[in-house]
**Q** 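Please find one structure pasted underneath; my questions will follow.
Residue numbering restarts at 1 for every chain, and letters A, B, ... go by the order of the sequence lines. Note: hydrogens, waters and symmetry copies are ignored here, and every other heavy atom, side chains too, is used.
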Number of protein chains: 4
Amino acid sequence: MQNKNLTRREREKLRYRRQMLAAALELFSEKGYHNVSMHEIAKRAEFAIGTLYKFFKNKEHLYKALIMEKAAEYHHTLSGVLSREGDVLTILKDYISAKAGVFADDVATLRLYFAETRGASFNIKSGLDQDIRNLYDELIEQLASTLKKGIRKNMLRDLNPYYMAVALEGITNAFLLCWLEDPERHSYEANAPVIGDMFLKGVMAE
Amino acid sequence: MQNKNLTRREREKLRYRRQMLAAALELFSEKGYHNVSMHEIAKRAEFAIGTLYKFFKNKEHLYKALIMEKAAEYHHTLSGVLSREGDVLTILKDYISAKAGVFADDVATLRLYFAETRGASFNIKSGLDQDIRNLYDELIEQLASTLKKGIRKNMLRDLNPYYMAVALEGITNAFLLCWLEDPERHSYEANAPVIGDMFLKGVMAE
Amino acid sequence: MQNKNLTRREREKLRYRRQMLAAALELFSEKGYHNVSMHEIAKRAEFAIGTLYKFFKNKEHLYKALIMEKAAEYHHTLSGVLSREGDVLTILKDYISAKAGVFADDVATLRLYFAETRGASFNIKSGLDQDIRNLYDELIEQLASTLKKGIRKNMLRDLNPYYMAVALEGITNAFLLCWLEDPERHSYEANAPVIGDMFLKGVMAE
Amino acid sequence: MQNKNLTRREREKLRYRRQMLAAALELFSEKGYHNVSMHEIAKRAEFAIGTLYKFFKNKEHLYKALIMEKAAEYHHTLSGVLSREGDVLTILKDYISAKAGVFADDVATLRLYFAETRGASFNIKSGLDQDIRNLYDELIEQLASTLKKGIRKNMLRDLNPYYMAVALEGITNAFLLCWLEDPERHSYEANAPVIGDMFLKGVMAE
DNA sequence: CATGAATGAGGGTTCATTCAT
DNA sequence: AATGAATGAACCCTCATTCAT
């Protein structure tokens, strides 16, 4: 889609960029931002260090590009689920499943996602923080507005929808974390129904 | 209390140590482990760098001491609440409130706590990770065993108690995070009842 | 000679390396391993500290490279003299002269050589020690085997050839040391015949 | 002898001083000047660091005191042998034996002695060097003058007596070094006759 | 345009020395 | 007089970044 109307040169550059970001994702996820050097990333991506700097102004920009790209993907997918027409309860269940799917085959991203959304990355240099947070808040708001619809239709209890959204995020993330730590024992996907059940029972109108 | 039976020298050393840890906590919480230098900590604590190293073998040990001390406090308080006699529902509500209290006047610690328990710190050098994780897991198990009691008494639904505990942690942490980001708007304490209500409604037997 | 078949880049690297080693030799010889900092070496060699570390993994490796390179040269030259065909007495006299030649225009190396072979360097960090000692022992053995030949031919007294070698080394080194301390007064080269005479008279068969 | 006419206080101080020097000797000999800290010495000597500094102005002075004290002992003993009346050959043989005796039960000192006389200590800060060297040169001169007497009596060949002394020192030191490195294999004492024989055969008149 | 050699600021840590008790 | 807590200069080394080729 985005590759349309691009010269060969431009397509190649895009491929390079993706390779670099992929290498960076692997390394950051394995060892954390500060334990990865630019040389290491360049080597893993099979480019010269200078080339890496042609694509990304500095380490921070590279990191930010990586995070933002992944966040956009994540946001786009889940946002899609939430904007579907239909029964609120179905949408919520789908949302929970979709969240599983997003990370199912991308543990590396999940790790980074937690580092960022948990505020644990301690403003790798600030500035970055806000942009993701905005994206994340947008999603929460969208979730809240879905829940509000459910309240209006008397399908959900009349609680603060924003806080309900926060609670849902909290539960799903907690389970994702379980899965991240011990994928064998705690399958997020297998537990998605349990999560949905617990949450929905807590917020559904009688 | 703990200062009883100590010589003046020893009491002073304890005070110094606390000052150093306090300075370190502030800085680590503001900027993250890797963005804080030992010189910086020494300066903030108003000691010479050598003195800092007299108290802590190296940066990692300092960090570990800080985390473990705070974790032990946290663990001790919440563990105390969970081991009270009495109605399961009351205990759970108390637990949620207590969790608020623990961090109420210590945002810095909360930030560190998240960095660590979320696994986002990418094992600052391993070793540390496991110790806190153990402490944390212990608490989860204790919470799970409280929930199990509730199930046995038919006060709670017959769901996997470990996952119920995970869910509760997820919700409470999500709210703490809200508060951390914008303490004015989202008071965790004020919302503790909402949290409890949502969670309990989701897990209570009819 | 060794620069054949090398790219310009490679030849330059070799030149850089030599400059660094030369600077290090000067400094180590003047002040000793522990009184020379890597910054000092870098400065004297007119490179940035980082560049120094590109060429040598750390201070110890730099030192070891320096010592081993010089030791190999020294060993190679003297070993060459000892493996010549011909009269044992001539070989020994040549050996004594050659030893003079090796150090004639390289006082710095001589100083380092003594520091190492005299065991006085107190294994700068071990590992190094053994490698030079091995090289040195090899030479002594070769010298001993030359002396053994002399004994077999009844040109030398039937004494333990290893100890004869030790004695010869002791005498020559003592004179080198004299020269090292006061090159004007005690020319090792001028005294080589005296040394040879004294030693040979002591070990020659009648 | 030196303890005569001293107050109890003074005698005690002397004892302290000796303990400190003994600890320092052990450590310096084991690990070398730069790998021993003042704290380590204080600890081994069982004094507070401040007390150590009361007795020795700084690390260098402590080292110098140690070296000079040992050198004086060494010098005194050997000087005694050389100033005996009697046959030159006997004196020389006695000298060689005495040199063995001096170090026989004090390997630590021997190690230090080599570090210093070999110039390998690289002027731990200069200044020190000269004082020992002077003491050492004095001994060489005394040895040379003994040899001169032998020449005058036509017992020794008419060679430069200073260089003969240098040669003798070279041989004996080489054997001491052998012994230092592998005391089992190379007994200096057992080889003293061999050394004497080789040297004397080389310098004796026919 | 890609490359990677060169740079040097800055971080963690040690240890000789001082001085209040 | 003896102590040892406190100090901070200086060391080794890493790594983000630049720029000549």
**Q** D:E12: what forms a salt bridge (Lys or Arg N to Asp or Glu O under 4.0 Å) with it, not counting sequence neighbours?
**A** D:R8, D:R15

**Q** Going 5' to 3' along nucleotides 12-21 of chain E, which nucleotides have protein heavy atoms under 4.0 Å from the base (write B), which only from the sugar-phosphate (write S), and which from neither (write -)?
**A** SBBBSBB---

**Q** What contact category does A:F55 fall into here, base, sugar-phosphate, or nothing, at under 4.0 angstrom with non-hydrogen atoms?
**A** nothing

**Q** Which residue is it: D:I67, D:N35, D:L66? I am looking for the one with a side-chain contact (heavy atoms from CB on, under 4.5 Å) to D:F28.
**A** D:L66

**Q** To the nearest Å, give me how far apart CD (D:E10) and P (F:dA1) are.
**A** 12 Å

**Q** Could you state the atom-to-atom distance from CE of B:M20 to P of F:dA5 in whole Å?
**A** 12 Å

**Q** With sequence neighbours excluded, what pairs up with B:K59 under the salt bridge (Lys or Arg N to Asp or Glu O under 4.0 Å) test?
**A** none

**Q** What stems show up for DNA chain F when you take Watson-Crick pairs (N1-N3 plus N6-O4 or O6-N4) and G-U wobbles (N1-O2, O6-N3), both under 3.5 Å, and require three or more consecutive pairs?
**A** E:2-21 with F:2-21

**Q** Can you list, pair by pair, the side-chain donor-acceptor contacts under 3.5 Å of residues 44-54 of chain D, counting residues two or more places apart and other chains?
**A**
from  : atom 1 : to    : atom 2 : distance (Å)
D:R44 : NH1    : D:E26 : OE1    : 2.3

**Q** Whole-Å distance between F:dT3 C1' and D:E46 CD?
**A** 15 Å

**Q** Roughly, in whole Å, what's the span from CG in D:L52 to P in F:dA1?
**A** 16 Å

**Q** How many Å lie between CZ on A:F47 and C1' on E:dC1, as a whole number?
**A** 13 Å

**Q** Send over the distance from A:F56 CZ to F:dC15 P, rounded to a whole Å.
**A** 21 Å

**Q** Measure the distance from OH on B:Y16 to C1' on F:dT7 and round it to the nearest whole Å.
**A** 13 Å

**Q** Taking atom P of F:dC11 as reference, at what distance in whole Å does atom CG of C:L62 sit?
**A** 15 Å

**Q** With A:E40, which residues qualify under side-chain contact (heavy atoms from CB on, under 4.5 Å), at least two apart?
**A** A:L27, A:K31, A:V36, A:S37

